[in-house]
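All figures in this text were calculated on a predicted structure; none of them were measured in a lab.
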Amino acid sequence: PSAMREVAIDVPRVSWLDIGGLEDVKLKLKQAVEWPLKHPEVFVRMGIRPPTGVLLYGPPGCSKTMIAKALASESGLNFLAVKGPELMDKYVGQSERAVREVFRKARAVAPSILFFDELDALAVERGSSSGAGNVADRVLAQLLTEMDGIEQLKDVVVLAATNRPDKIDKALMRPGRFDRIIYVPLPDAATRREIFKLQFSSKPVGLDVDVEELVCRTDTYSGAEITAVCSEAGLLALEEDIQAKFIMRRHFIEALNIVTPRIPESLRHFYA
Ligand code: ATP
């Protein structure tokens, strides 16, 4: 029973509208996940096999987790979320059993989405990890077995997210496994504008704040970092005057100096 503690089954309340921009990512996911579950007959008619697994990859803080939740929420599917590192953190033999268990649970609550966050912790390339008896290799083997058995898994879609697609064993990317791979990029200007607008809708923003200026100045920021800039600006306004009624331009500008983009140069080429 302890192996299941990290698995939450629920329908998260995240809407597509909570996610700024990324329109093409949203559309691709609906096509890949919602359509096959809601209209299986059209796939039969067209003679195409819906994807078994969908892998979201891209830099940290760009809403992969949020997207997974919105997908579950908007499609009304049950949602099981598992963090890769938590499954690996087990006694000998327990990690494989935990993998088996989450798939079993996903089948039991179908139609469902089984979401593996930080998949790279679970599916490192074979032989690339050290350690006795190689837990990582056995967990990967178990994952492959479960994914291959998924044709009998009616109505379960496996979704996974990673910041490090380079670390994922290539065997997982074959057809019938993670056969749709979707890139979730750093936000472009249009997406950054939407994220700022979402943030502004719950904040008293001063009249001197120009969203276009902020969009221009956050070129390499992730969505999470933009959210952090907005919170920081609010804090700065309060620090200046605990009675402050508005967050002014100067607070945002100062916040941009405090919250700086973090995606290390050394990782950028994975996402190009
Ligand atoms: P990680 O890889 O670090 O787990 P992630 O890609 O899964 O990151 P999330 O945890 O989903 O990212 O996003 C982090 C936070 O950033 C969200 O909770 C949200 O506040 C904000 N955010 C990121 N992108 C967007 C967006 N497009 N619209 C609205 N909020 C966003």
Side-chain angles (χ1 to χ4, degrees), residues 1-12 29 32-33 36-37 40 49-57 64-65 68-69 71-72 75-165 167-182:
S2 60
M4 294 309 298
R5 225 179 302 139
E6 58 282 274
V7 181
I9 297 178
D10 63 339
V11 179
L29 267 172
V33 179
L37 291 178
R49 196 179 174 285
T52 307
V54 179
L55 179 64
L56 303 172
Y57 78 98
K64 294 184 292 301
T65 307
K69 289 183 176 171
L71 187 67
S75 59
L77 302 169
N78 280 315
F79 183 72
L80 289 85
V82 187
K83 277 198 192 299
E86 288 174 8
L87 273 192
M88 289 308 283
D89 191 20
K90 297 277 174 205
Y91 298 108
V92 178
Q94 292 286 306
S95 298
E96 295 118 282
R97 208 180 74 186
V99 170
R100 249 190 336 266
E101 276 288 288
V102 290
F103 276 88
R104 188 190 58 71
K105 201 134 185 171
R107 279 191 298 266
V109 298
S112 58
I113 293 175
L114 174 50
F115 177 57
F116 290 98
D117 208 350
E118 301 177 57
L119 179 70
D120 43 282
L122 216 58
V124 286
E125 206 139 18
R126 267 166 289 198
S128 65
S129 62
S130 51
N134 217 331
V135 186
D137 285 4
R138 294 203 311 268
V139 167
L140 175 64
Q142 187 64 45
L143 198 56
L144 292 171
T145 304
E146 296 291 346
M147 299 273 311
D148 289 346
I150 216 151
E151 247 161 345
Q152 301 128 329
L153 288 190
K154 276 186 74 105
D155 300 333
V156 175
V157 171
V158 184
L159 195 62
T162 183
N163 300 325
R164 294 296 305 269
K167 279 172 100 185
I168 305 227
D169 193 275
K170 300 297 168 285
L172 264 176
M173 313 287 205
R174 296 217 188 98
R177 293 169 181 168
F178 287 101
D179 37 20
R180 280 283 200 298
I181 299 182
I182 300 177

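In this structure, the side chains of F103 and V158 come closer than 4.5 Å at one or more pairs of heavy atoms. Here the side chains of S95 and L87 are not in contact, with every heavy-atom distance at 4.5 Å or above. You'll find the side chain of I113 stays beyond 4.5 Å of the side chain of L80, heavy atoms only. Side-chain contact between R180 and L55: absent, with no pair of heavy atoms (C-beta onward) separated by less than 4.5 Å. Taking 4.5 Å as the limit, some side-chain heavy atom of M173 sits within range of a side-chain heavy atom of I181. Within the 4.5 Å cutoff, no side-chain heavy atoms of Y57 are placed close to those of R164. Taking the side chain as every heavy atom from C-beta outward, L144 and L172 approach each other to under 4.5 Å.
Listed for the K83 side chain is no donor-acceptor partner under 3.5 Å among the backbone atoms of A81. The main-chain N or O of G84 is never found under 3.5 Å from a side-chain atom of D117 such that the two would form a donor-acceptor pair. In this structure a side-chain-to-backbone donor-acceptor pair under 3.5 Å is present from S112 to A106. Under the 3.5 Å distance criterion, the side-chain polar atoms of R177 are left unmatched by any main-chain donor or acceptor of D148. Judged by distance alone, the side chain of N78 and the main-chain N or O of V109 form a donor-acceptor pair under 3.5 Å.
Atom CD of Q142 is separated from atom CE of M147 by 13.0 Å, given to the nearest 0.5 angstrom. One finds the CD atom of E101 at 13.0 Å from the CD atom of E96 (value rounded to the nearest 0.5 Å). Between the CZ atom in R100 and the CG atom in L143 there is a gap of 12.5 Å [rounded to 0.5 Å]. To the nearest 0.5 Å, the span separating CZ on F115 from CG on L71 amounts to 10.5 Å.
V82 pairs with exactly one of L119, V102, V99 by the side-chain contact (heavy atoms from CB on, under 4.5 Å) rule, that one being V102.
Nearest heavy-atom pair, T52 versus G176, reported as atom, atom and distance to 0.1 Å: OG1-O, 3.2 Å. Closest approach of A32 to P51, counting heavy atoms only: O-CG, 3.3 Å. Between F79 and A68, the shortest heavy-atom contact is CE1-O, 3.6 Å. In terms of heavy atoms, D179 sits closest to R49 at OD2-NH1, 4.0 Å.
Other residues, nucleotides and ligands contribute more than 12 heavy atoms inside 6.0 Å of the NZ atom of K64.
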